[in-house]
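Lettering follows sequence order; numbering is per chain, from 1.
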Protein chains: 4
Amino acid sequence: MTEREDLLVGNFPIVPKQKRAQQKRKALLESGRILFIDKGYEQTTAKDIAAHAGVATGTFYRYFSDKRQLLMSLLEDRIEEFFPPEPSWSTPDPVSLLAKMLEEHGKRLNKLGLHRVLQELLPKDPELAEAISAARRKIQTRIYSGLKQAFEKGWTWKDLDFDTVSWSIMTLVENAHEKEVQGGGHVDYYQLAKVICRMVFPPEVHKE
Amino acid sequence: MTEREDLLVGNFPIVPKQKRAQQKRKALLESGRILFIDKGYEQTTAKDIAAHAGVATGTFYRYFSDKRQLLMSLLEDRIEEFFPPEPSWSTPDPVSLLAKMLEEHGKRLNKLGLHRVLQELLPKDPELAEAISAARRKIQTRIYSGLKQAFEKGWTWKDLDFDTVSWSIMTLVENAHEKEVQGGGHVDYYQLAKVICRMVFPPEVHKE
Amino acid sequence: MTEREDLLVGNFPIVPKQKRAQQKRKALLESGRILFIDKGYEQTTAKDIAAHAGVATGTFYRYFSDKRQLLMSLLEDRIEEFFPPEPSWSTPDPVSLLAKMLEEHGKRLNKLGLHRVLQELLPKDPELAEAISAARRKIQTRIYSGLKQAFEKGWTWKDLDFDTVSWSIMTLVENAHEKEVQGGGHVDYYQLAKVICRMVFPPEVHKE
Amino acid sequence: MTEREDLLVGNFPIVPKQKRAQQKRKALLESGRILFIDKGYEQTTAKDIAAHAGVATGTFYRYFSDKRQLLMSLLEDRIEEFFPPEPSWSTPDPVSLLAKMLEEHGKRLNKLGLHRVLQELLPKDPELAEAISAARRKIQTRIYSGLKQAFEKGWTWKDLDFDTVSWSIMTLVENAHEKEVQGGGHVDYYQLAKVICRMVFPPEVHKE
DNA sequence: CATGAATGAGCTTTCATTCAT
DNA sequence: GATGAATGAAAGCTCATTCAT
């Protein structure tokens, strides 16, 4: 991760040591986050962010080399938060556990709020796209191995296609959050968890 | 749909009558499509499109009032193509049929290629977002009633949550295409179809 | 006048001989006049004029080298109409005669309607400005000599300043029309004529 | 007037506080004035003005929302200066006083120099036209009542038409300045004053 | 001759970024 | 360090004029 982060964020203005400066930096980050979410990345200008943070335009550039870098800093170490943790299957009630996890993940994404902004950027920023892609692959790999373990314990469908199923789980989990945002009715996380479990386990295992 | 489409596209420069002009218009549309896909919507300028089509900037504005309208023309009457047809369950081999449908849908999307562009635009263009949303709702409604019929015939899980499952199917189908694009290996449409069927039918029905 | 006109109009497209062509030319002139008056010179495009005249854009340029030349043709031989004829003083009732002349001049200007357009152009077109200026000088000279004759007959004030008075008459007459247009109440031409006569004749002459 | 002025000028970029900025603003205003007078309003671009003021294009837009607003700032609180003060008749030597007033007004107009520019704008800018019109009405009303007072004191012609005469005075005074500009020889303000007085007073009053 | 599509210079305006104070 | 005025490249769009048909 570290290498990738460095790549993304660059090492431009050394994170300043003073308290004051730290506060300004934080204010800028927070203003950036708010405005990006509110108006979109492209529609938000450096001037806007500076004004919202109560500093001068020029100050923006003391802390960030440009708008992109601010966004990257916002994302720093958090890209993984955009993706769900791997579900745990070795539990008496995987459906409830999964439901809970889904809900928490949804909340986390809503709190970050940058989901949309990322989508806006992907076409323009191959580097970011690659970072996202890497994070996604990483998670999917974890899900994959989780599935494999469950398989080895004989819990899953015998013909489980790890690849397809792990991808399906990822996809549903990632999009559950969007569904909620779009106001297309709230997601019933429990039902979704059930559906996911059906993709993985044959019915007889459920009773276990 | 037709009314909404008209709304989106407007009736700006009447589609010209001459052959030549038609060719230029087509060239512009095609150049727009290529550049939008290649560089993203925001990064593509009217000038770029004109240059790529081998015409002068002003010519662009003969045929389209602006970039957005070109995109809308590109989308005209095609919004529904972005969404899958509803799967049919009443068939001897729903998995294969579904797999075939998924593949065809993926091909169609790849041919259009505008999937990403749409995503870039959605946050900024509420009108488009609404059109997309309507199309999506329409399809999902169809899937929903398909499920209901299957349920009434007693084929599905007894506790099927139509809403959650129809949404899950939509989501997987919509994203299958993306998986392919991202180069994460080809999608195994057959496996995906199997997973979807497992969300819907209990195993004993599969044998039927 | 001829030389000046040639200067203004240029000798670009030889006035065409055919009837058809003549009609198109006239239609263009008339459309130009209407649109110039309605929207102003700058706001009217060659395309507008052609469309209004029911011909193609290119046709415009067959008859006129450009927008300016159309305007000049509109003005051709008419610049003098923008200015009043010299008043005649040797008449039993100069006030009534003058009043009548003022009214007729006002009507003529309203009919042409290009007064405003000229004003719009003067700053940009020194050549036109010069032509206007020359025409004005010409009229003023006539008024001047009319006054001189009246003076020599002993009718006017003994200390009449020909220059000032002829200029004043010109100015009032030229602006009377504008007053009417601006809707600042109709001009009472008879009262205006009386005022002008008082500038010229002492009261005892009036009784004559 | 103040309200109307505020309306015209808007309150776009708050007049900046720093000295430097004030200078740039002034430089832009002055450059605008010069170029408007020299080339006309329409022929002058924002870029021209910026270049003439020695600043970048973008700087223009820091201080003015557009060309029009610059002109409006140039006019701010000055519209009345374009019109003469009302003449005073109750004085031992109204002719000389009037002559002096005319000359001063002429000088003031020449200093502003924007007379022509206004004329260019009037047809296109109804708001400005209304402001001008209001100012003109105001002055004319004052002249009107001045005449009425003189009439009541028995100084004027018995059949004085206040309306026509006040309009005539306005018109002559407004245009006197133009005469000078057009290089038709300097205006003899004294002679003009005499002419105006003859419009108002019968000869026997002059001796008083 | 007529047509109207095509051209491209040029105008307005915005905004990321710099730099004098 | 902080400030915010200044910069100028670049985007969107218009329109006088040309030219292939």
Taking atom [atom2] of [N] as reference, at what distance in whole Å does atom [atom1] of [X] sit?
{"X": "Y41(A)", "N": "dA16(E)", "atom1": "OH", "atom2": "C1'", "result": "10 Å"}
{"X": "L28(A)", "N": "dT17(E)", "atom1": "CG", "atom2": "P", "result": "15 Å"}
{"X": "L71(A)", "N": "dA16(E)", "atom1": "CG", "atom2": "C1'", "result": "16 Å"}
{"X": "Q43(C)", "N": "dA16(F)", "atom1": "CD", "atom2": "P", "result": "10 Å"}
{"X": "R25(D)", "N": "dG4(F)", "atom1": "CZ", "atom2": "C1'", "result": "17 Å"}
{"X": "K124(C)", "N": "dA16(F)", "atom1": "NZ", "atom2": "P", "result": "11 Å"}
{"X": "K24(D)", "N": "dC19(E)", "atom1": "NZ", "atom2": "C1'", "result": "12 Å"}
{"X": "Q23(B)", "N": "dA20(F)", "atom1": "CD", "atom2": "P", "result": "17 Å"}

Can you sort out the partners of K39(C) under salt bridge (charged side-chain N to carboxylate O under 4.0 Å, His left out), two or more places apart, ordered by chain and number?
D48(C)
Residues passing the salt bridge (charged side-chain N to carboxylate O under 4.0 Å, His left out) test with K124(C), sequence neighbours excluded, are E42(C), E120(C)
I'd like to check the side-chain contact (heavy atoms from CB on, under 4.5 Å) partners of A27(C); sequence neighbours left out, ordered by chain and number.
A53(C)
Do any N or O atoms from the side chain of Y41(B) and from the backbone of R68(B) form a donor-acceptor pair under 3.5 angstrom?
yes
Mark yes or no for whether K67(D), through its side chain, and I49(D), through its backbone, hold a donor-acceptor pair below 3.5 Å.
no
Under the ring-ring contact (aromatic ring centres under 6.0 Å, His included) rule, collect the residues that match up with H52(C), sequence neighbours excluded.
none
For residues 27-37 of chain D, pull every pair meeting salt bridge (Lys or Arg N to Asp or Glu O under 4.0 Å), keeping only residues two or more places apart or in separate chains.
E30(D)-R33(D)
At under 4.0 Å between heavy atoms, which parts of nucleotides 9-14 of chain F does protein reach? Answer with one letter per nucleotide, 5' to 3': B base, S sugar-phosphate only, - none.
--SSBB
Taking only residues two or more places apart in sequence or in another chain, which ones pass side-chain hydrogen bond (donor to acceptor under 3.5 Å, both in side chains) with Q43(A)?
none
Holding to side-chain hydrogen bond (donor to acceptor under 3.5 Å, both in side chains), I want the full list of residues that pass it with Q119(A), two or more places apart in sequence or in another chain.
none
Which of these nucleotides, dA6(F), dG4(F), dA2(F), is closest to any side-chain atom of Y63(A)?
dA2(F)
Between G54(A) and A56(D), just flag the one whose closest nucleotide in DNA chain F comes earlier from the 5' side.
G54(A)
Where DNA chain F forms stems, i.e. three or more consecutive Watson-Crick or G-U pairs with both distances under 3.5 Å
E:2-21 with F:2-21
